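In this chain, numbering begins with 1 at the start of the sequence shown. Computed from a prediction, not measured in an experiment: that's the story for all the values here.
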Amino acid sequence: VLQVQDMEELDTGSPAFQPIVLNYLDLSEDPRASYDKTWQAKIDKVLGWYEDVLPKGLDVERFPSPPLGYRSRCRFVIENDENGDPAYGMFVNGPTVYLLPNNQFPIATKQINKLMLDILPLVKSRPILLSGWRGITFISSSLNDDVIAILTYKTPIDESWVPDATWLKNELGDNIQIAGRSKGVYFKIGRDWLLDGHKLSNGREVVYKYLDNAFCHPNPHIATATANWLSSRIEQNIPEASTTDLLELYCGNGNHSIVLSPYFRKIVGVEIRDILCETAKENMVMNGVTNVDVINLPSANFSKQFSHNPKKFLGEEEYEFKTILVDPPRQGLDEPTIDLIVGYQNILYVSCGPESCKRDLDTILKTHEIKDFAVFDLFPCTKHSEVCLFLVKINKD
């Protein structure tokens, strides 16, 4: 196993450690002292799942994460503490709520932890902001100090909420955006998006717009590591990339397509959510990318139709797809998508669900072989990891 990223380069200025133990998060002790051991255990578990399919002697790359201060998207329930004051909690074992010690969350970014403390007394001081408050979501940027806070309410809010929310934003500063949501109602004070991005190992800088109501990568350190890994696979393994095209399924806000756009002649991305398709198009413009088109469809529907009638989606424009990239949700690929991807020479598979990915390989490895494999510590202090695979069609000659 190769160590490819130095932990000393990943200092995040995380807050002072506070023990937290949930059924899905183990912070019973400061993870910085034992990170190498727990990270290796996670790697060993993943390699145990894949030991029967990985080629003998394959170097497996591993990408660690800061064990604290890494999470840029967090959601909490609001409950009253023993003094009757609003406090942050997390569900554990069904409806049971665990209140966070000192209203801090050590795995969250320092910007989020600061705002967690700043916002509580301000909301408490305004009855209209406090009444019916049941939860909050924080999203922070790795490029600057921007944070979005989305307050959710169990009782309806209306226009009378807006003046106090405007006051709240003014008190917190220009870098803080505020939104309020109750059933069927949404108000934003300031922007409902922030900018994030990567500085890649090749020196290129890319930037993305993230929305408060759509998926964004929760660990910017791993997002950058994944972007670099994908780029290096293309550079090292697909010399014909510049004269061929890439098909990407589950393209989200276009982050992978933007990173890979210099390597391919054209890219077509497919995404189920219309709001992410529109954001992807905006992100292409921001980054000066002109060779990417985005199609708004579920992957299964696209895959069923594309195999039989590609012109329905591509018109008369000529494409030569040799490479396909998939980054599905944790449950993995559906059958129509697997049937489509096995028809391509090169497959890049990014998976936040290593177990479901292993299941999908039962079919994929009938036609393809694994050339590269990497493990990423997507969520330190939890059981979750990410794997990335590069597969090539088996030459039967």
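For CD of E317, the number of neighbouring non-hydrogen atoms (other residues, nucleotides, ligands) closer than 6.0 Å is greater than 12. Heavy atoms of other residues, nucleotides or ligands lying less than 6.0 angstrom from NZ of K371 number 12 at most. Within a 6.0 Å sphere centred on CD of E235, other residues, nucleotides and ligands contribute more than 12 heavy atoms. Heavy-atom contacts from other residues, nucleotides or ligands closer than 6.0 Å to CZ of R75 number 12 or fewer. Within a 6.0 Å sphere centred on CG of D362, heavy atoms belonging to other residues, nucleotides or ligands number more than 12. Counting heavy-atom neighbours within 6.0 Å of K393 NZ, excluding the residue itself, gives a total above 12.
Every pair tested for ring-ring contact (aromatic ring centres under 6.0 Å, His included) that includes a residue from residues 275-299 fails, sequence neighbours excluded, so the list is empty.
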Atom pairs and distances, side-chain donor-acceptor, residues 122-129, under 3.5 Å, sequence neighbours left out:
{"unit_1": "K124", "atom_1": "NZ", "unit_2": "D85", "atom_2": "OD1", "d": "2.6"}
{"unit_1": "S125", "atom_1": "OG", "unit_2": "L122", "atom_2": "O", "d": "2.7"}

Anything under 3.5 Å between a donor and an acceptor, one on a side chain of residues 42-50, the other on a protein residue two or more places apart or in another chain? List them.
{"unit_1": "K42", "atom_1": "NZ", "unit_2": "D377", "atom_2": "OD1", "d": "2.7"}
{"unit_1": "K42", "atom_1": "NZ", "unit_2": "F379", "atom_2": "O", "d": "3.1"}
{"unit_1": "K42", "atom_1": "NZ", "unit_2": "T382", "atom_2": "O", "d": "2.8"}
{"unit_1": "K42", "atom_1": "NZ", "unit_2": "H384", "atom_2": "O", "d": "3.0"}
{"unit_1": "D44", "atom_1": "OD1", "unit_2": "Q40", "atom_2": "NE2", "d": "2.9"}
{"unit_1": "Y50", "atom_1": "OH", "unit_2": "P354", "atom_2": "O", "d": "2.6"}
{"unit_1": "Y50", "atom_1": "OH", "unit_2": "K358", "atom_2": "N", "d": "3.3"}

Residues 225-232 side chain polar contacts: donor-acceptor under 3.5 Å, at least two apart:
{"unit_1": "T226", "atom_1": "OG1", "unit_2": "I222", "atom_2": "O", "d": "2.8"}
{"unit_1": "T226", "atom_1": "OG1", "unit_2": "E386", "atom_2": "OE1", "d": "2.8"}
{"unit_1": "N228", "atom_1": "OD1", "unit_2": "S201", "atom_2": "N", "d": "2.9"}
{"unit_1": "N228", "atom_1": "OD1", "unit_2": "S201", "atom_2": "OG", "d": "3.1"}
{"unit_1": "N228", "atom_1": "ND2", "unit_2": "T224", "atom_2": "O", "d": "3.4"}
{"unit_1": "W229", "atom_1": "NE1", "unit_2": "E61", "atom_2": "OE1", "d": "2.8"}
{"unit_1": "S231", "atom_1": "OG", "unit_2": "A227", "atom_2": "O", "d": "3.0"}
{"unit_1": "S232", "atom_1": "OG", "unit_2": "N228", "atom_2": "O", "d": "3.3"}
{"unit_1": "S232", "atom_1": "OG", "unit_2": "W229", "atom_2": "O", "d": "2.8"}

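Of the inter-residue distances, the one linking C381 atom SG with R32 atom CZ reads 10.0 Å to the nearest 0.5 angstrom. Atom CD1 in I139 sits 10.5 Å away from atom CG in D196 (nearest 0.5 Å). Taking CG of L389 as the start and CG of L361 as the end, the distance is 6.0 Å to the nearest 0.5 Å. A distance of 15.5 Å separates CG of L297 from CZ of R273, quoted to the nearest 0.5 Å. Distance CG/N253 to CG/L211: 8.0 Å, rounded to 0.5 Å. In this structure, CD on E79 lies 11.5 Å from CG on L100, to the nearest 0.5 angstrom.
Between L249 and I324 there is a side-chain heavy-atom pair separated by less than 4.5 Å. At a threshold of 4.5 Å between non-hydrogen side-chain atoms, the residues T152 and T137 do not count as touching. The closest side-chain heavy-atom distance from K188 to I178 is not below 4.5 Å. The side-chain heavy atoms of T96 and F91, taken from C-beta on, include no pair separated by under 4.5 Å. The shortest side-chain heavy-atom distance between P380 and Y70 falls under the 4.5 Å cut-off. Residues N237 and F390 have side chains in contact (heavy-atom distance under 4.5 Å, counting atoms from C-beta outward). Using a 4.5 Å heavy-atom threshold, the side chains of H217 and L378 count as touching. D274 has its side chain out of reach of L276: every pair of non-hydrogen atoms, C-beta onward, lies at least 4.5 Å apart.
Between F215 and Y210, the distance from one ring center to the other does not fall under 6.0 angstrom. The aromatic ring centroids of Y88 and F105 lie 6.0 Å or more from each other.
Among all heavy-atom pairs drawn from T279 and K209, the shortest one is CG2-O, 3.3 Å. Across every non-hydrogen atom of A149 and L115, the tightest pair is CB-CD2, 4.1 Å. Of all the heavy atoms in S257 and M284, the pair that sits closest is CB-CE, 4.0 Å. Heavy-atom minimum distance, S182 versus I157: OG-N, 3.1 Å. The nearest pair of heavy atoms linking N113 to A108 is ND2-O, 3.1 Å. Shortest non-hydrogen contact noted between R204 and S261 is NH2-OG, 3.7 Å.
In terms of modelled atom types and a separation under 3.5 Å, the side chain of S307 and the main chain of K304 share no donor-acceptor contact. Side-chain N or O atoms of D81 include none that pairs as donor or acceptor with a backbone N or O of A87 at under 3.5 Å. A distance-only check finds a donor-acceptor pair linking the side chain of D360 to the backbone of L333 [under 3.5 Å].
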Practice task
Might you work through the side chain to side chain donor-acceptor pair (under 3.5 Å) test for S140 and S72, ending with a clear yes or no?
Solution key: CA-CA 5 Å; S140 67; S72 60; 4.9 Å; no
Practice task
Please test S299 against T337 for side chain to side chain donor-acceptor pair (under 3.5 Å), starting from the C-alpha separation and ending with a verdict.
Solution key: CA-CA 6 Å; S299 176; T337 300; 2.7 Å; yes
Exercise for the section: Let me see the working for S141 and D146 under side chain to side chain donor-acceptor pair (under 3.5 Å), right down to the final yes or no. Expected result: CA-CA 6 Å; S141 171; D146 286 358; 5.9 Å; no
Exercise for the section: Go through the steps to decide whether Q305 and K312 satisfy the test side chain to side chain donor-acceptor pair (under 3.5 Å), and finish with yes or no. Expected result: CA-CA 8 Å; Q305 300 175 58; K312 177 178 179 180; 2.2 Å; yes
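Under the 4.5 Å side-chain heavy-atom criterion for ILVMFWY residues, a single connected hydrophobic cluster contains both Y98 and I112. Linking Ile, Leu, Val, Met, Phe, Trp and Tyr whenever their side-chain heavy atoms come within less than 4.5 Å puts Y349 and L365 in one cluster. Taking hydrophobic clusters as Ile, Leu, Val, Met, Phe, Trp and Tyr residues chained together by side-chain heavy-atom distances below 4.5 Å, I394 does not share a cluster with I347. Under the 4.5 Å side-chain heavy-atom criterion for grouping Ile, Leu, Val, Met, Phe, Trp and Tyr, F138 is connected to L68 within one hydrophobic cluster. Transitive grouping of hydrophobic side chains (ILVMFWY, heavy atoms separated by less than 4.5 Å) keeps L151 and L117 in distinct clusters.
Under 3.5 Å, the side chains of E320 and T244 contain no donor-acceptor pair of N or O atoms. There is a side-chain donor-acceptor pair under 3.5 Å between H256 and D327. Between the side chains of N219 and S65, at least one donor N or O lies within less than 3.5 Å of an accepting N or O. If you check the side chains of Y208 and N287, you find no donor sitting under 3.5 Å from an acceptor.
In this structure Y250 satisfies the ring-ring contact (aromatic ring centres under 6.0 Å, His included) test with no other residue, sequence neighbours excluded. Under the ring-ring contact (aromatic ring centres under 6.0 Å, His included) criterion, Y186 pairs with no residue, sequence neighbours left out.
Cation-pi geometry between K266 and Y319 is met: under 6.0 angstrom from the ring centre, within 45 degrees of the axis.
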